[in-house]
Undergrad: 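Have a look at the structure that comes next, please.
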Amino acid sequence: MDHKKERSERSFMEAKEKRIRHVICMVSDFFYPNVGGVEEHLFQLSQCLLRRGHKVIVVTHIYGDRRGIRYMTNGLKVYYLPMQTFYSQSVLPTFITSIPLLRNIFLRERVTIVHGHSAFSTMAHEAMNLARAMGLKSVFTDHSLFGFADMSAIVTNNFLALSLADVNHCICVSYVGKENTVLRANVDQEKVSVIPNALDSHIFKPDPSQRPKDKINVIVMSRLQYRKGVDLQPAVIRHICHRYPQVNFIIGGDGPKKSILEEVQDEVGNERLKFLGAVPHAEVHGVLVKGHIFLNTSLTEAFCIAICEAVCSGLQVVSTNVGGIPEVLPSHLILLAHPTVQSLTQKLELAIEMEINGKRLDPWVMHSEMKNIYLWSDVVQRTEVVYNRVHQEESSADLFQRIPRYKKCGIVAGWFMMFLVTLQFLLLKICDTLWPAKDIDIAPDYPLDAAKLFNEEHSKSNNFHSSRLCVGNGTQSTTSVSRRRYN
Amino acid sequence: MYNQKKMSGTFSSPVEEYRNVVGEIIFVDVRLQPSLCHGRALEVCVSGKHIQLIPWLGYTSILAVIAFITKLHTLHLAWLVTVVIIQLVTFLYRIHGKVVSETLLLMAGTGVQTTATFYTGKQRMRFIPWKNVIDVIIAETISLQRVLFYMALLVRGEKAVQNPKLIPLFL
């Protein structure tokens, strides 16, 4: 036991010294031009990884007119694939029809790691499964929490367990998220890491001059749907508007529950409750600086980046204490309430009193505390550690090794997945005969001085290593890169 | 489809051999080098393997003999006629649009001319005046479960306002 531990520690240290260039394929149904948390995270993470010298491509499905191959900032290549969406921007998960096209993309870009995002994204699950069938590594990032009790949750959890049975590593955005994933998807806890989201603190700076001196603005910024707790808001708004005549509410965002809030607006009047509609992410800061207090009423949240943005901009935060929210901020920067109307009203009144008395923290003090907690450079370093670790794992496309991993999924689902995996294997063989890998042109990398980035760190040692060569297409044996021996 | 080239020949011969996306061999022949004409002209010809008729005739005659021996022609006449017609139609369809070779002639200052030669001997020419040509680009496209590179000419439209069109070369 001791030998093994020593050896793995030594190999970890060795890996820390070598910097390996990965070719990462981010797959998700949700990407630009859709806006949201997952899309922002994907884009920012890809940009930071490109800055570190890795190669990143993004695969998603067609959005309206946007189809084919596009390039974004810094040479981020985005594939908009012709796959049919069937429900809320997710594609229909047939594991069979997407095999030739995805295989072609993985081979021509020489992808080594496939990183899927968001449990709702069926394309991510398909791509990760296919990557394992081809002998590549796969990583999954989960951005949300799920329940356990109702029927839809049970079905979703089962599918997730099937998909995550054969994933190299899993990343969650909070410790609560990790617990949730480990329990509902039956994943080994060593396979799950926690890497929080981050925000750009240069953009979110306080600007007290924008706030009105005589009034107090309370800002609510979220999609107006059930799980964001919109049902709690009308009672809170009515109570506060009645009690404090100098408090106004500004609501940013749109959604199916807007009508509830419009009723309240009819009662209290236009000046006291303003709607801004859907606010693009670039303008969020402009709206935040106009307020004194930020209100978040979510009923479920894995990691709320909105409250971090609010604190960074110098607002007081009142939030429900669900999910991962208590882990996000230190207790003196946030007022936590239970997800009920009384508790929220009480905490909001407390915040308003602190505003009136002037006893609140100075916005610049809040900003300086907050700005170094969640940084993208931190997130990227930790993600790189995950990639390096995954890179060293054994990964063979052999059916004999893949099938036993599905045994723990249960009788019906496990056997179904084994059947599916065998079918995938056969289809890959057929694809190799019809469209052999040697006929596929390798796409040129976007010209980055990547070699320079990697060479200048290890110019003397001979540890420089490029992982470009270790792509297998599922039927040939993967090269010996993944089976290094550590003496 | 002569879409993309993969090196499998050597540079020593003036006609270079490449493989296209399907794996078949194609020949690229550079007839006029810019170095020989003061950098004013370039002609490139891309052609496929010579299409052989003999094996096809051989297979057809063997099948005809088998059909005769098994007395296929005594079966229902309408079916026989439809089968023959279907065969003829597919034959014509495959022959009709089959491009044997394509030539690209560039003359600086004058224009660009593309010539496509079909199997039936027909030739189709297209000329683009020099002032309409903006650029040559290599783009990627997703087609039929594959991602392919193709070369295209960026061309200004006849009317000044129209968006530049892409004209794919060597399809």
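Per chain, numbering begins at 1; letters A, B, ... match sequence-line order.
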Undergrad: At what distance, to the nearest 0.5 angstrom, does CG of B/L144 lie from CG of A/L101?
TA: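 Answer for the CG-CG pair, B/L144 versus A/L101, is 10.0 Å.
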Undergrad: Could you tell me the separation between the OG1 atom of B/T141 and the CZ atom of A/R67, rounded to the nearest 0.5 Å?
TA: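 Spacing of OG1 (B/T141) from CZ (A/R67) equals 10.5 Å.
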Undergrad: Other residues, nucleotides and ligands only: do more than 12 of their heavy atoms fall within 6.0 Å of CE on A/M418?
TA: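 It does: A/M418 CE has more than 12 such atoms within range.
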Undergrad: Can you tell me if CG on B/L57 sees more than 12 non-hydrogen neighbours from other groups inside 6.0 Å?
TA: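 Yes, CG of B/L57 has more than 12 neighbouring heavy atoms, counting only those of other groups under 6.0 Å.
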Undergrad: Considering residues, nucleotides and ligands other than A/F43, do more than 12 of their heavy atoms fall under 6.0 Å from its CZ?
TA: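 Yes, the 6.0 Å shell around CZ holds more than 12 heavy atoms from other groups.
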Undergrad: Who pairs with B/E43 by salt bridge (charged side-chain N to carboxylate O under 4.0 Å, His left out), at least two apart in sequence or on another chain?
TA: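 Partners of B/E43 by the salt bridge (charged side-chain N to carboxylate O under 4.0 Å, His left out) criterion, ordered by chain and then number, come out as B/R31.
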Undergrad: Can you give me the closest heavy-atom contact between A/P444 and B/F149, atom names plus distance?
TA: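 Scanning both residues completely, I find the closest heavy atoms to be CD-CZ, 3.7 Å.
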Undergrad: Tell me, yes or no, whether the heavy-atom count around A/Y32 atom OH, taken from other residues, nucleotides or ligands under 6.0 Å, exceeds 12.
TA: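 No, because the 6.0 Å sphere around OH of A/Y32 holds 12 heavy atoms or fewer from other groups.
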Undergrad: With respect to B/V147, which candidate in A/N104, A/L81, A/D441 satisfies the side chain to side chain contact (heavy atoms under 4.5 Å, CB included) definition?
TA: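 Among A/N104, A/L81, A/D441, the one that satisfies the side chain to side chain contact (heavy atoms under 4.5 Å, CB included) with B/V147 is A/N104.
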Undergrad: Does B/I142 reach the side chain of A/Y80, with side-chain heavy atoms less than 4.5 Å apart?
TA: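 SC-SC contact between B/I142 and A/Y80 ruled out.
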Undergrad: What part of A/T97 gets within 4.5 angstrom of chain B, counting heavy atoms only: side chain, backbone, both, or neither?
TA: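 Only the backbone of A/T97 comes within 4.5 Å of chain B.
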Undergrad: Kindly write out the residues that satisfy ring-ring contact (aromatic ring centres under 6.0 Å, His included) with A/F140, not counting sequence neighbours, or none if the list is empty.
TA: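 So A/F140 forms a ring-ring contact (aromatic ring centres under 6.0 Å, His included) with A/H125.
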Undergrad: Hey, is B/E140 close enough to A/R70 for a salt bridge, meaning N to O under 4.0 Å?
TA: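 No, no charged N to carboxylate O under 4.0 Å.
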